[in-house]
Structures are given as structure tokens and as C-alpha cells.
2 protein chains.
Amino acid sequence: MEERQARTAFAALSQETRLRIVRLLVQAGPDGMAAGAIAEAVAVSPSNVSFHLKDLEHAGMIVPRREARSIIYSADFTGLRDLIAFLMKDCCAGHPEICAPALADVQCRPSTAKKARA
Amino acid sequence: MEERQARTAFAALSQETRLRIVRLLVQAGPDGMAAGAIAEAVAVSPSNVSFHLKDLEHAGMIVPRREARSIIYSADFTGLRDLIAFLMKDCCAGHPEICAPALADVQCRPSTAKKARA
DNA sequence: CCTACAATTCAATAATCATTGAAATTAGGA
DNA sequence: TCCTAATTTCAATGATTATTGAATTGTAGG
């Protein structure tokens, strides 16, 4: 992942509503959620949620698909993974011994996650 | 790591100069670099670099220490690790199978990193 | 102490981003 | 086809954030 794209992703995740949306969609899983349902869940206006969804899509954090009258958004797990990879490369670059041990502890496990209606 | 703190960290990393500083300091390792040297390396004014260093410090991405007349900044590897952990929890929450395989590939290895004068 | 150096703080300006409500688009059902 | 629902687009406003240069603080050496 290029630095510029990583910055776009970081910017996307730095905004409260957008981060809530991403977490919501990660919980929702591959099924995703319609824009309207997302708006209701995070309690913002349709036009505002649309604005943020566009931004997240542009940042490669979510992906849309049309389904009847609705547009369903779901988390872009590939994009999220790439961002983590970028961060790990930078964090551990030349110093794997510094974060490797502690990271092993967190390795891709459900931990605190509670499944949404997946 | 709390969501609020994670957002602060994402915001810090979303800015070009700041991301460059973090990468620079990760490469520099625990020895760190003086504020002036950082300013020169990333080619911004002293006052501007100071502004960004404060922001990164507040975000838990770097840590300062005084040494004679200089203030030496170094990467906060714990903070970086915590941020990665936050992202991984959210990314994989309830769906470890989705990113675990691809992530294993990136696991804390030097990869493209070229050592700075550590 | 007096001078110079390293870095930060401050105030002002410019630039970017978020929010709002109204108008426009697109797809389906009657 | 006509009407309605789901979203997006647009323009305007308000709020944050970045940049600049000058003034300030703190540290060391002569």
C-alpha cells in the first residue's frame, strides 16, 4: 500500500461517524447494511451519512453494491488488512523484536467482538 | 485502546508531514532524533515541526526526552502497537478467517525496511 | 552574567473538512 | 406510466486544522 493511500485511510478512520460506520460494518460482516440502516444506526442524516460513505469508499474501507432500491455497503476487509500491513511494516521496520512479542498476543482473534446479525 | 484515542492517532497519521516524521523515527529506532534534525530531514520550518511533534506526542505516537540543549524524539512503539491491535480487533472481530491468512504473510518482519543509522 | 542556540508558543491567515436542508437521480411497485 | 422510496448531489455555512513569522523560554558555554 502506498503512503498516500494509507494517509487517506487514516483520515477516513479519524472521524467519529466514519469510524462508527466501519466498526458497524465489520460487525455486520459480508452481508453489509443499506445506507438508510447505517444512517439510522449511527444517528446522522441521510445526506451526511452519504457524504461519509463516499469518503470511506474512496479510502478503500468499504464497498457498495446495489440491491433493489437500496445500496448495501459492507466492510472492505482487504483494504483494512492492507492498512494494518502498512502500519506493521512501518512500526516494526528494522525492529521486529520491539513489537512482535506483544502483537502475537492480539493476533486476529475475535477477542471482545460480539457478533452482529451476520 | 479506546476509540477516542485511536481516532486521535489516526488523525495524527493522516497528515503528510506527521506520517513522514513517524516513519523517520521508526527507522531511527530508540535513539531517536533531535527536533532540529527532524525539521531538516522532512524539510519544514522549526515552528511547524514543533506543531506536528506536539500533535504526534499527544496522539501517543512519539515520545520526547531532553538531552542537553536538544529535545530528542523517538517513536512510541507501544503506542503504535496498540493502534495496530485496535485495528486488528475491529477488522477481524467475529471474522478472523477473513484477514488472518493474508495477515500472517506480513507478520512483523523487516520487509522493505532499510535500517537508519541505528 | 551575557551571548548564542534549540525549541516552543503565539497570533494571524489560509486551507480543508463537516453539517445542513433542498433539489436531483435512480429503481420499483401499483 | 405514475408515484413513491432510497440515496446522492449541491451550495452554503460553520468548524477544524495547517502554515507562517515573530516573540519567548530554557540551556549551555565563554
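FYI, side chains are in, hydrogens and waters are out, and symmetry mates aren't considered; it's all heavy atoms of this structure.
For the side-chain hydrogen bond (donor to acceptor under 3.5 Å, both in side chains) test, no residue two or more places apart in sequence or in another chain qualifies with B:R66.
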Identify all pairs in which a protein N or O lies below 3.5 Å from an N or O of nucleotides 17-19 of chain D, and state each distance.
unit_1 : atom_1 : unit_2 : atom_2 : d
D:dA18 : OP1    : B:R18  : NH1    : 3.2
D:dA18 : OP1    : B:R18  : NH2    : 2.7
D:dA18 : OP2    : B:R18  : NH1    : 3.3
D:dT19 : OP2    : B:H52  : NE2    : 2.6

Scan nucleotides 22-25 of chain D against the protein and return all N/O pairs shorter than 3.5 Å with their distances rounded to 0.1 Å.
none

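For A:Y73, a side-chain nitrogen or oxygen approaches OP1 or OP2 of D:dT8 to under 4.0 Å. The side chain of B:K54 contributes no N or O atom lying less than 4.0 Å from OP1 or OP2 of C:dA7. Regarding contacts with the backbone of C:dA7, a side-chain N or O of B:S70 is found under 4.0 angstrom from either OP1 or OP2.
In the displayed structure, B:E3 atom CD is contacted under 6.0 Å by more than 12 heavy atoms of other residues, nucleotides or ligands.
Of the possible donor and acceptor atoms, none in the side chain of B:R18 sits under 3.5 Å from a partner among the backbone N and O of B:L13. The closest donor-acceptor contact from the side chain of B:S50 to the backbone of B:S47 lies at 3.5 Å or more, if one exists at all. Not a single donor-acceptor pair under 3.5 Å links the side chain of A:E2 to the backbone N or O of A:R4. Between the side chain of A:R7 and the backbone N or O of B:Q15, no donor-acceptor pair lies under 3.5 Å.
Considering only side-chain atoms of B:A68, the nucleotide from C:dG29, D:dA28, D:dT8 that sits closest is D:dA28.
At a threshold of 4.0 angstrom between heavy atoms, the contacts of B:S50 include nucleobase atoms, whether or not backbone atoms are also involved. A:A39 comes within 4.0 angstrom of no nucleic acid atom, judged by non-hydrogen atoms across all strands.
The CG atom of A:L56 sits 12 Å away from the P atom of D:dT8 (whole-angstrom rounding). Whole-Å rounding puts the A:R69 CZ to C:dA27 P distance at 12 Å. Rounded to whole Å, the distance from CZ on A:F10 to C1' on C:dT16 is 20 Å.
In this structure, the separation between CD on B:Q27 and CG on A:D90 is 7.5 Å, given to the nearest 0.5 Å. The NE2 atom of A:H52 lies 12.5 Å from the CD1 atom of A:I38; values are rounded to the nearest 0.5 Å.
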